[in-house]
Each structure stands twice: as structure tokens, then as C-alpha cells.
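First the structure, in the form of C-alpha cells, and then the observations on it.
The model shown is predicted, which means the values in this text are computed figures rather than measured ones. Whatever order the structure lists them in is the order used to number ligands and atoms, beginning at 1. Atoms considered below: every heavy atom in the structure, side chains included; atoms not considered: hydrogens, waters and symmetry mates. One-based numbering along the sequence shown.
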Amino acid sequence: TYPICMATAQFEPNYDETKVPKFEASDLLTTFDGKKVNDTSGWENTRRPELYHFFEEQVYGKVPGKLDSLSFEVVEGSTEALGGKAIRKQIEVDMFKNGKSLSFHILLYLPNNGKASPIFLGYNFYGNHTITDDSNVIISNAWAMDNEDFGISDNTLTKASRGVRTHRWAIEKIIDGGFGLATIYYGEVDPDKNDFSDGLHRLFYEEGQTNPKADEWGSIAAWAFGMSRALDYLETDSDVDAHRVISFGHSRLGKAALWAGASDQRFAAVISNNSGCGGAALSKRKFGETVGRINARFPHWFSDTFTAYNDNEEALAIDQHGLLAQIAPRPLYVASAEDDQWADPRGEYLSAHYVTPVYQLYGKKGLARTKMPQTGSPVHHTVAYHIRTGKHDVTEYDWEQYISWAKKFVAKEE
Ligand code: GCU
């Protein structure tokens, strides 16, 4: 009957292009009060900061201050990793604030070539030990999401899950390409659950506080903050070229990688792999996942202020292209997958396309065409995009593209 249909219609995601609402993507080179931005200084001093504040206040939430201190310790290492072609280091990062502390571990592989290497830095979903079969990788004792397929129960990681995510991390290809890889289990920075009594947020509470304030950070901003603290360590490691650290992430962690790149100009480049809603994809298309859906299912990811846009995306003063633009003029790669309609591949592409005029201010090439490239035909400019066949995932194909693009746009020329 009619009322029931109406009710279900509200909860059915839209996958029909003809039902995408008409909207205009706000001009990146006009400020909120209507002033034209004509040059790089207008971009850097006026427009980019106002976009940053918009996303900070309305989407991801503000970080309430700075840490009191930070320390690093290399707790394990070898110069004979991956059959001798790589150096492995495991670093404990300790963060201190208000008499409280939290630690996370960076797993770092670097080419064994005596050079300071450019690296990809990105979180993993189930622990550093899942990304490789290397039995020396320390198993985290942080809270983890149960996963029957991976043998994870009681929210505890064990060696049963060693190597279960190797397919997502093309370590050998990365090393052979002259890059290093740094990864962190995201649950060590903030467990991915709607509970603000643990993780990073707790360190910043004032006496008696139990939750971030309405305009303060959710989990995505906390993960982004953790990436910056990892970069603080990388700057101290002479085997790393800290001017060439690429912020990488898949899906929710792609949202975090983008926000890390926007918040911290030290990141040399950003790669968004299937980051979708609240990441690279335009919200106003309401295609696949929407703002209302993401806030309902993951209330802890964004600031509470973001809920004002539930089913009200048109009210956003700027869409997610305003996030991607903050990466400019640094290299930016957005990637989609054909079967990942939930993340709205077209919305991801268009968002990257819209940032082109900002890159042009710097004489750099974006994605000039409104038409999406064909599946399997990557476009590699300073702004890059590909869509591949298959599902929501990170594949060898994705890494092959990232490595060849990063060689051209991020690595130092010999
Ligand atoms: C869910 C969520 C997405 C997110 C994804 C992931 O599908 O709705 O927004 O990107 O999980 O992180 O894998």
C-alpha cells in the first residue's frame, strides 16, 4: 500500500542516474562571500583556509588542541625483510595529553637501497600483522571488530589472522618501485565503534567530559590526526624521504587519508581508494550512500554538526570537491570500482574533475573532461583517476596504477 511504499522508498538507496537531483557544484574559485580568487596566493591565503574551516566545523569536527608530548621508539627491526630486499621497522608512537596516553605502532618497509625513500602511508582495518605473512610483525592488542572469516573473535587479534589481508597490499611491487610502505592499525588510534570513552578523544577531555563537543572531531578526524603523528615520526627517520609521504586509504580510511591531506600540508600527495560518501564522492548527488545513511550507521565518524545535512545535502555550502581541492597543488589520485556503486563512482570522478581550475592556477593538469574515463583506462595527471572492474577493495591493479603515477608525480627525479 501507498504509505508503506513511501516508507521503504525513503530507505532505498538510489542507483538510478536519472533520479539524481539537479544541483550546481559551487565554484571553488569564488569565496563564500562572493570574491573571485585569481591566483595562488588568493587560493592559499583565503579560499583554501575557508574551505578547511568549513569542513572542520561542519563535517569532520575540530581537533580540540594539541598533544602535550609525543615520543617514538623503534621496537623491532631487520635489514633482511622480504628476502633481503627490504628494511623492516616497527615503531611505537606514544601520545601524551592531560596525564593520559595512547600508543600506536607503525609497520614500515623500505627498499634496502641506502636511499631515503618516498613512501605510502595508510591505515589497515585488522592489524599490521594481516597485511603480510611476515611472522615478525607484532600483533596489536587493541580492540578489533569480530570477523569470522578472519578468525577474529572476542574483539581480540591473534595469529589466526596473520596475512589475511595480503592481497590488499602489494608490498613487493611497492618496494620494487622504489617506494616504502608504512601502515598502522586504525583501531589503535580510535576503535571503530560509537563509543567515545576510548581511543584518542579521551586524551583531550576536560574534567568530567565524556564526549567530544558538537563541533569537535569524530573518528575520521582522529584517524587523520594519527596519520599526522606518524608523519612526525617519519620526519625523524633518515631512511624516509619525509617530503614525499603519500597519504593513502581505502574506503572509510580513504576518507581519513583525504582529511589528513587537507589538514596537514606536509603530506606530499593523497590517494583515495573507493572512499565514497564523506570522502571523494559528491554528497549532493544522493547516489548510493547518503549523508543521512552514513550518519545513522556510523554516528561516530563525523562531528555532530554534520547531521544537519541528513537528507538536506543541498544545504551544504560546498560539496566534497571542496575537500579534494584542499589537496591542491599536490598530486591527488581518486579511484573507483565498477561494482562499488554504494560509493558512487561518478560522484567520485566529478568531484575530482571539479578541482581542475584550482590546479590550473598552478599550471598543473587536472581532469578537464566531464565524461568519465572508461573502465581500465586510467588518466594520470597531477590529478589522476581510474575506475576498474570488480568490487569495493584494493587490488594489485590499483597499486600498479598508484606506483606508476607516484613515480611520475611524487618521486624525486634521478
Ligand atoms: C561502509 C560505509 C562506507 C565505507 C565502507 C568501508 O560501506 O557505508 O561509507 O566507506 O563501509 O569503510 O568499507
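Annotation: atom 8 (O) of ligand 1 to nearest protein heavy atom, Glu289 OE2, 2.5 Å. Considering only non-hydrogen protein atoms, atom 7 (O) of ligand 1 sits nearest to Trp342 NE1, 3.1 Å.
Evaluated for a side-chain contact (heavy atoms from CB on, under 4.5 Å) with Ser283, the options Asp344, Val291, Thr290, Val59 yield exactly one hit, Val291.
Taking the six-membered ring for Trp and the full ring otherwise, the centers of His386 and Tyr397 sit less than 6.0 Å from each other. Taking the ring centroids of Trp217 and Tyr60, they lie at or beyond the 6.0 Å cut-off.
Legend: residues meeting ring pair (Phe, Tyr, Trp, His ring centres under 6.0 Å) with Tyr185, ordered by chain and number and at least two apart, are absent. Taking the side-chain hydrogen bond (donor to acceptor under 3.5 Å, both in side chains) definition, one finds that Asp27 meets it with Thr30, Lys36, sequence neighbours left out.
Contact analysis puts Lys255 in contact with ligand 1, with a non-hydrogen atom separation below 4.0 angstrom. A heavy-atom separation below 4.0 Å is found between Arg297 and ligand 1.
Annotation for ligand 1: atoms under 4.0 Å from non-hydrogen atoms of Ser251 are 4 (C), 5 (C), 6 (C), 10 (O), 12 (O), 13 (O). Residue contact check: Ile294 has heavy atoms under 4.0 Å from atoms 9 (O) of ligand 1. Close approach to Arg252 involves these atoms of ligand 1, each under 4.0 Å from a residue heavy atom: 1 (C), 5 (C), 6 (C), 10 (O), 11 (O), 12 (O), 13 (O).
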**OP:** Decide side chain to side chain contact (heavy atoms under 4.5 Å, CB included) for Ile131 and Thr166; before the verdict, give the C-alpha distance in whole Å, the side-chain angles of both, and the deciding distance to 0.1 Å.
**Re:** CA-CA 4 Å; Ile131 74 138; Thr166 50; over 6 Å; no
